[in-house]
Chemist: 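Quick one: this structure, given as structure tokens, is what I'll be asking you about.
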Amino acid sequence: MARPRTFDEDRALDAAMHAFWEKGYEATSTQDLCDATGLGRSSIYNAFASKHDLFKRALARYIETMNAAQFAVLEDEGRPGAERIRTLFAMVIGDDPDDRRGCLCINSVVELAGRDPEAAEMLERDTARRLTVMRAALEAGQREGGVTSSRDADSLARFVNAVIAGLRVSGQGGADRATLETIAATAMDALTR
């Protein structure tokens, strides 16, 4: 008879997510995962089957966690569409200018998407959902007059998504808050002027 688990799986998954976020998939060793979660190798493999399975679950958790707050802003019909995008940029810039981890999704696209079909599929679904929500906010902004660009909302959503990726990578590369805020302000100018 198998022994019941004696650890909090959600807590272990969060710890693993942070380990992958910090180092990336390839550079995170099994020992790093043991250190982060406080679990032994056998417990990790019994609970999660493989490093790759644990990574996929950690990436899914990151997507769910990070999207919740961002989507709440983007879907807030009580705010003008342009304001939703401006608030999203502020969220991406964040409160901690010393956090150089970037975004686990963007880091994973760069590291894995070309050679890990399962991760690529997860990331493509996330991008599609994100673009849908952004497009709706931008369409609202166009109807209200706050988003004045003559480009279609689909193109603008892809632009905003690319700016967010650029903000994440720039921040990870050492750009300071003022630089990131200038990038976001320039993007808002492109949308609203």
Side-chain angles (χ1 to χ4, degrees), residues 5 7-75 88-137 157-175 180:
R5 289 190 184 147
F7 65 90
D8 181 339
E9 192 170 314
D10 287 336
R11 193 178 134 303
L13 194 54
D14 282 340
M17 177 186 75
H18 285 281
F20 287 124
W21 192 1
E22 186 71 33
K23 291 186 167 191
Y25 176 74
E26 295 291 338
T28 302
S29 67
T30 303
Q31 187 58 51
D32 292 331
L33 294 169
C34 291
D35 294 344
T37 62
L39 301 174
R41 288 175 192 268
S42 63
S43 293
I44 286 177
Y45 286 110
N46 286 336
F48 302 106
S50 68
K51 174 183 168 182
H52 190 257
D53 181 60
L54 177 53
F55 173 75
K56 288 188 310 182
R57 291 185 58 193
L59 181 59
R61 185 167 197 96
Y62 179 90
I63 289 169
E64 176 187 324
T65 303
M66 292 301 161
N67 283 354
Q70 291 181 8
F71 287 1
V73 166
L74 289 169
E75 295 173 329
L88 176 64
F89 285 146
M91 291 173 76
V92 168
I93 293 169
D95 297 326
D96 185 0
D98 295 324
D99 185 354
R100 299 284 183 231
R101 293 179 297 176
C103 169
L104 182 58
C105 290
I106 293 168
N107 297 347
S108 298
V109 165
V110 171
E111 181 181 9
L112 298 172
R115 64 182 201 279
D116 184 333
E118 292 175 281
E121 183 181 327
M122 291 174 71
L123 294 163
E124 286 170 14
R125 279 194 315 266
D126 175 56
T127 299
R129 172 78 171 108
R130 179 173 301 284
L131 290 172
T132 297
V133 174
M134 285 180 191
R135 184 172 41 252
R158 290 184 185 284
F159 168 71
V160 169
N161 199 51
V163 170
I164 288 170
L167 286 168
R168 299 279 197 191
V169 171
S170 295
Q172 196 172 9
L180 299 176

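For clarity, every value in this text was computed on a predicted model and none was experimentally measured.
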Chemist: Start with the C-alpha distance between Q31 and R41, add both sets of side-chain angles, then the distance that settles side-chain contact (heavy atoms from CB on, under 4.5 Å), and finish with yes or no.
Modeler: CA-CA 8 Å; Q31 187 58 51; R41 288 175 192 268; 3.5 Å; yes
Chemist: Could you tell me whether E9 and R61 have a side-chain N and a carboxylate O separated by less than 4.0 Å?
Modeler: no
Chemist: Examine the side chains of S29 and D32 and answer whether a donor and an acceptor come within less than 3.5 Å of each other.
Modeler: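 Short answer, yes.
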Chemist: Among all residues two or more places apart in sequence or in another chain, which pass the side chain to side chain donor-acceptor pair (under 3.5 Å) test with T30?
Modeler: Y45
Chemist: Do you know the tightest heavy-atom contact between G102 and W21?
Modeler: O-NE1, 3.1 Å
Chemist: Between CZ of F71 and CD of E64, what distance do you get to the nearest 0.5 Å?
Modeler: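 Atom-to-atom, F71:CZ and E64:CD are 11.5 Å apart.
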Chemist: Which atoms form the tightest heavy-atom contact between A36 and A15, and what is the distance?
Modeler: O-CB, 3.3 Å
Chemist: Quick one: CD on E22 to OG1 on T28, what's the gap to the nearest 0.5 Å?
Modeler: 9.0 Å
Chemist: Stepwise, does the side-chain contact (heavy atoms from CB on, under 4.5 Å) test hold for V133 with Q70?
Modeler: CA-CA 10 Å; V133 174; Q70 291 181 8; over 6 Å; no
Chemist: Working to the nearest 0.5 Å, report the span between CG of L54 and CG of L13.
Modeler: 6.5 Å
Chemist: Grab the two heavy atoms, one from L39 and one from A12, that are nearest each other, plus how far apart they are.
Modeler: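 Scanning both residues completely, I find the closest heavy atoms to be CD1-CB, 3.9 Å.
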Chemist: Could you tabulate the donor-acceptor pairs under 3.5 Å formed by side-chain atoms of residues 159-173, not counting sequence neighbours?
Modeler:
unit_1, atom_1, unit_2, atom_2, d
S170, OG, G166, O, 2.8
Q172, NE2, R101, O, 3.3

Chemist: Any idea how F20 and Y25 line up, ring-wise: parallel (<30°), tilted (30 to 60°), or perpendicular (>60°)?
Modeler: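 Parallel: the ring planes of F20 and Y25 meet at under 30°.
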Chemist: Can you find a pair of side-chain heavy atoms, one from D116 and one from E111, that are under 4.5 Å apart?
Modeler: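 They are not in contact (no side-chain heavy atoms under 4.5 Å apart), so the answer is no.
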Chemist: Using the rule given for side-chain contact (heavy atoms from CB on, under 4.5 Å), can you reason through L88 versus M134, listing the C-alpha separation, both sets of side-chain angles and the distance that settles it, and then say yes or no?
Modeler: CA-CA 10 Å; L88 176 64; M134 285 180 191; 4.0 Å; yes
Chemist: To the closest 0.5 Å, what do you measure between CD (E26) and CZ (R115)?
Modeler: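 E26 CD to R115 CZ: 5.0 Å, rounded to 0.5 Å.
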Chemist: Of all heavy-atom pairs between D126 and C105, which one has the smallest distance, and what is that distance?
Modeler: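 Between these two residues, the closest heavy atoms are OD2-SG, 3.8 Å.
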Chemist: Does atom CZ of R129 have more than 12 heavy-atom neighbours, drawn from other residues, nucleotides or ligands, at distances under 6.0 Å?
Modeler: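 Yes, CZ of R129 has more than 12 neighbouring heavy atoms, counting only those of other groups under 6.0 Å.
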Chemist: Quick one: closest heavy-atom pair of A47 and R57, and the distance?
Modeler: O-NH1, 3.9 Å
Chemist: With a 4.5 Å heavy-atom cut-off, do S108 and F55 have their side chains touching?
Modeler: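 The answer is yes; the side chains approach within 4.5 Å.
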Chemist: Ignoring hydrogens and angles, write down the donor-acceptor pairs under 3.5 Å from the side chains of residues 117-124, residues two or more places apart or on other chains.
Modeler:
unit_1, atom_1, unit_2, atom_2, d
E118, OE2, K56, NZ, 2.8
E121, OE2, R125, NH1, 2.9

Chemist: CG/D8 to OG1/T37 distance, rounded to the nearest 0.5 angstrom?
Modeler: 11.5 Å
Chemist: Could you grab the distance from atom CZ of R130 to atom CG of N67, nearest 0.5 Å is fine?
Modeler: 4.5 Å
